[in-house]
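Counting convention: from 1, in listed order, for ligands and their atoms alike. As the structure is a prediction and not an experimental result, all values here were calculated from the model.
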Amino acid sequence: MQQTEKIRIAPADGKLGVLVPGMGAVTTTFIAGLEAIKRGLGKPIGSLTQLGTIRLGKRTEGRSPAIQDFVPLARMEDLVVGAWDIFPDNAYESAVKAGVLEMPLLEQLKVPLSAMKPMPAVFDQEYVKRLNGPNMKPKGSKMDHAEMVMDDIRRFKQSTGVSRMIMIWCASTEVFRQPAAVHATLKDFECGLQKSDPEISPSQIYAYAALKSGVPYANGAPHMTTDMPALLELARSQNLPVAGKDFKSGQTFMKTLVAPGLKSRLLGLSGWFSTNILGNRDGEVLDDPGSFRSKEVSKSSALEYILQGNLYPDLYRDFYHKVRIEYYPPRGDAKEGWDNIDIFGWLGYPMQIKINFLCRDSILAAPLVLDIVLFMDLAQRAGMRGIQEWLSFYFKAPMHAPELYPEHDIFIQLMKLKNTLRWMRGETLITHLGLEYYD
Ligand SMILES: NC(=O)c1ccc[n+]([C@@H]2O[C@H](COP(=O)([O-])OP(=O)(O)OC[C@H]3O[C@@H](n4cnc5c(N)ncnc54)[C@H](O)[C@@H]3O)[C@@H](O)[C@H]2O)c1
């Protein structure tokens with residue numbers, strides 16, 4: 001494969017601000033993790049940027065540097081987090097309520113976590129029906145709210161002295177909506193903000209404020225935010241990267257591991273039933289049919305795209321796929337997922353696979369937040385703008401160009417991510433052809 005030109009990447013000098021709408025289970029697990037790791041109380045398990053390596057050149061060369069030595073990433077010590085939430089709890093109180101991390105660890109981090117207080121949120125109960133809280137921005141138009149978020153961003157930058165910022169949505173899942181007329185162009189969207197158009201969601205107000213302030217935006221939840229022409233137009237005109245959506249952390253992660261394997265052996269699929277019990281606030285929000293619909297759509301598409309029923313009609317055209325999430329408070333964040341997979345082999349003989357994943361949702365999601373933030377910052381410094389498809393690895397419903405189908409196979413996604421890093425550094429892309437070893 002041809003060697004590429006090295007891309008100019010600005011250095012990761014100074015501090016990197018991480019702006020997070022939502023300071024619940026995922027955000028507090030992420031922040032507490034940063035503080036714990038800085039103090040040597042834990043390791044960044046699950047993070048490709050911190051623990052991953054990348055092979056360069058031929059297998060005979062023995063070059064496999066750490067990813068963080070290969071591309072110039074911000075260091076964990078240089079991250080400064082600012083968040084918004086509808087509840088006024090500081091990060092310590094919120095982490096205690098979320099119940100993900102154990103009290104002895106949280107007690108050791110009480111001082112830095114208690115100092116982190118959320119900014120008042122932009123919120124609309126039409127978009128998250130099961131929640132309501134007191135820490136909101138004063139009444140105003142949607143444009144007023146966007147300007148208030150821009151003020152927050154300016155103040156955050158001044159008070160912390162960060163040199164760059166990334167915004168990543170870790171707030172609740174909003175109800176399912178399709179793009180409407182107000183999302184068609186930036187002009188329509190800005191007009192809609194002035195008129196407080198009901199089709200503009202709080203997450204779109206945050207995203208607009210971020211992009212207007214020169215801050216890249218990533219979406220960790222399944223609802224639509226920047227997946228529409230108006231905000232993509234803004235991202236392009238501001239030369240900013242966007243990425244999303246919905247962290248690929250638990251059951252869909254498992255699905256995108258198993259489905260490519262079945263397909264590689266051309267084993268057929270007649271049905272895949274996935275169900276979860278989940279007792280945290282996210283589970284409560286997803287108990288509302290509108291928010292669940294956003295999750296259902298994002299969770300459902302992976303199998304169809306991986307298995308390509310149009311190309312393999314005998315194997316994958318007619319499989320039955322069902323996804324359920326049940327809110328079950330006693331479990332808290334310790335989600336349990338069951339997958340029943342009905343497959344068939346030689347001569348159509350049926351077989352079954354059962355997966356019972358006893359996971360911890362936020363423990364799986366926190367390293368993804370870290371990686372997405374660091375890679376989005378790298379993308380920005382490398383001059384990459386618009387949809388960052390190379391970050392599909394992290395998302396259940398990866399954003400993609402309209403003329404493409406999304407790539408869901410986690411192994412292809414990882415190859416794409418690493419080839420993008422090689423491309424940035426002018427290294428030969430790896431095709432795995434390998435004929436040269438046998439010449
Ligand atoms: N944990 C995972 O593995 C995982 C995986 C994929 C996606 N997600 C998504 O990540 C998001 C966060 O998950 P979580 O478990 O931390 O949920 P959570 O309920 O613990 O935290 C979300 C927080 O967002 C706040 N919030 C809601 N609307 C807001 C708004 N408009 N502005 C500011 N704050 C707002 C809520 O008050 C809450 O504190 C959810 O959308 C979830 O679906 C999580």
Side-chain angles (χ1 to χ4, degrees), residues 19-32 46 82-91 93-101 118-137 142 145 148-149 152 167-176 200-207 209 218-223 225 244-254 276 278-288 291-296 298-299 325 327 332-335 337 357 359-369 372 394-397:
L19 296 165
V20 200
M23 202 170 74
V26 171
T27 306
T28 55
T29 307
F30 166 66
I31 301 170
W84 293 266
D85 205 289
I86 61 171
F87 296 107
D89 299 336
N90 65 43
E93 292 160 341
S94 177
V96 171
K97 282 191 188 159
V100 178
L101 299 173
M119 297 175 266
V122 176
F123 185 72
D124 178 351
Q125 221 186 358
E126 278 303 306
Y127 281 85
V128 180
K129 307 252 189 227
R130 295 284 154 100
L131 293 186
N132 211 347
N135 193 35
M136 310 244 203
K137 298 241 178 277
K142 294 193 174 183
H145 284 155
M148 288 178 212
V149 175
D152 291 342
M167 187 181 283
I168 182 162
W169 179 273
C170 294
S172 308
T173 298
E174 297 176 338
V175 297
F176 181 72
I200 296 180
S201 63
S203 67
Q204 288 166 347
I205 297 174
Y206 285 100
N219 183 9
H223 52 245
T225 300
K245 55 192 194 295
D246 203 7
F247 300 126
K248 178 153 87 174
S249 55
Q251 197 166 48
T252 309
F253 164 57
M254 282 291 144
N276 299 273
L278 175 64
N280 59 16
R281 196 184 279 157
D282 186 30
E284 191 179 350
V285 168
L286 294 172
D287 212 29
D288 168 64
S291 292
F292 174 70
R293 180 73 189 132
S294 292
K295 202 59 142 187
E296 188 182 36
S298 118
K299 274 176 161 263
I325 299 176
Y327 176 52
D333 199 66
K335 179 159 92 176
F357 191 15
C359 69
R360 291 173 189 272
D361 239 15
S362 304
I363 293 293
L364 293 169
L368 309 191
V369 176
I372 293 165
Y394 294 106
F395 297 109
K396 278 206 248 314

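Residue Asp333 has no N or O atom closer than 3.5 Å to an N or O atom of ligand 1. For Trp169, no nitrogen or oxygen atom sits less than 3.5 Å from a nitrogen or oxygen atom of ligand 1, counting backbone and side chain alike. In terms of N/O distances under 3.5 Å, ligand 1 is approached by Asp361. At least one N or O atom of Ala25, backbone or side chain, sits closer than 3.5 Å to an N or O atom of ligand 1. Some N or O of Val26 is nearer than 3.5 Å to an N or O of ligand 1, by distance alone.
Side chain of Lys245 to backbone of Pro222: no donor-acceptor contact under 3.5 angstrom is found. Proximity of a side-chain donor or acceptor of Asn280 to a complementary backbone N or O of Ala25 within less than 3.5 Å is not detected. Side-chain N or O atoms of Lys396 include one that pairs as donor or acceptor with a backbone N or O of Phe247 at under 3.5 Å. Without hydrogens or angle criteria, Ser291 side chain to Thr173 main chain gives a donor-acceptor distance under 3.5 Å. Within the 3.5 Å criterion, the main-chain N or O of Asp85 finds a donor-acceptor partner in the side chain of Asn135. Of the possible donor and acceptor atoms, one in the side chain of Tyr206 sits under 3.5 Å from a partner among the backbone N and O of Val122. Using a distance-only test at 3.5 Å, with no hydrogens or angles considered, a donor-acceptor pair links the side chain of Glu174 to the main chain of Ser203.
Taking each of Phe395, Trp84, Phe247, Tyr206 in turn, the one with a heavy atom nearest to atom 32 (N) of ligand 1 proves to be Tyr206. Between the choices Ala171, Ser203, Pro118, the shortest heavy-atom distance to atom 35 (C) of ligand 1 belongs to Ala171. Of the candidates Arg281, Met23, Gln251, it is Arg281 that places a heavy atom closest to atom 39 (O) of ligand 1.
Contacts between Lys248 and ligand 1, counted as non-hydrogen atom pairs separated by less than 4.0 Å, are absent for every part of the residue. In Phe87, the part holding a heavy atom less than 4.0 Å from any atom of ligand 1 is the side chain. Of the heavy atoms in Val122, only backbone atoms (N, CA, C, O) come closer than 4.0 Å to ligand 1.
With hydrogens left out, the protein atom closest to atom 27 (C) of ligand 1 is Ser172 OG, 3.1 Å, a heavy atom. Given atom 21 (O) of ligand 1, the protein heavy atom at minimum distance is Gly24 CA, 3.3 Å. For atom 17 (O) of ligand 1, the nearest non-hydrogen atom of the protein is Asp282 CB, 3.6 Å. The nearest heavy-atom contact from the protein to atom 9 (C) of ligand 1 is Gly220 O, 3.6 Å. Of the protein's heavy atoms, Asp85 OD1, 2.7 Å lies nearest to atom 37 (O) of ligand 1. Nearest to atom 3 (O) of ligand 1 among the protein's heavy atoms is Ser249 OG, 2.7 Å.
Atom numbering of ligand 1 starts at 1 in the shown order; those under 4.0 Å from a heavy atom of Ile86 are 34 (N), 37 (O). Residue contact check: Lys396 has heavy atoms under 4.0 Å from atoms 6 (C) of ligand 1. Against a heavy-atom cut-off of under 4.0 Å, Ala221 is close to the following atoms of ligand 1: 41 (O). Atoms of ligand 1 found under 4.0 Å from any heavy atom of Ala121 (numbered from 1 in listed order, with element): 32 (N), 33 (C). Heavy-atom proximity to Cys170, at under 4.0 Å, picks out these atoms of ligand 1: 11 (C), 12 (C), 22 (C). Of all the atoms in ligand 1, the ones that sit under 4.0 Å from a non-hydrogen atom of Ala365 are 1 (N), 2 (C), 3 (O). Listed by number with element, the atoms of ligand 1 under 4.0 angstrom from any heavy atom of Asp246 are 6 (C), 7 (C).
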side-chain contact (heavy atoms from CB on, under 4.5 Å) between Leu19 and Trp84, intermediate numbers included = CA-CA 8 Å; Leu19 296 165; Trp84 293 266; 3.9 Å; yes
With side-chain contact (heavy atoms from CB on, under 4.5 Å) as the criterion, how do Thr28 and Val100 come out once you've worked through the C-alpha distance, each side chain's angles and the decisive distance to 0.1 Å? CA-CA 9 Å; Thr28 55; Val100 178; 6.0 Å; no
Yes or no on side-chain contact (heavy atoms from CB on, under 4.5 Å) for Thr29 and Arg360, after CA distance, side-chain angles and deciding distance?
CA-CA 11 Å; Thr29 307; Arg360 291 173 189 272; over 6 Å; no
- Between Lys137 and Asp152, does a side-chain contact (heavy atoms from CB on, under 4.5 Å) hold up when you go through it step by step? CA-CA 11 Å; Lys137 298 241 178 277; Asp152 291 342; 2.6 Å; yes
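The minimum heavy-atom distance between Ser94 and Asp89, with the atom names listed, is N-CB, 4.0 Å.
Between His223 and Trp169, the two ring planes are perpendicular [angle over 60°; tilted spans 30° to 60°].
Remark: Arg281 pairs with Phe87, Leu131, Glu284 by the side chain to side chain contact (heavy atoms under 4.5 Å, CB included) rule, at least two apart or across chains.
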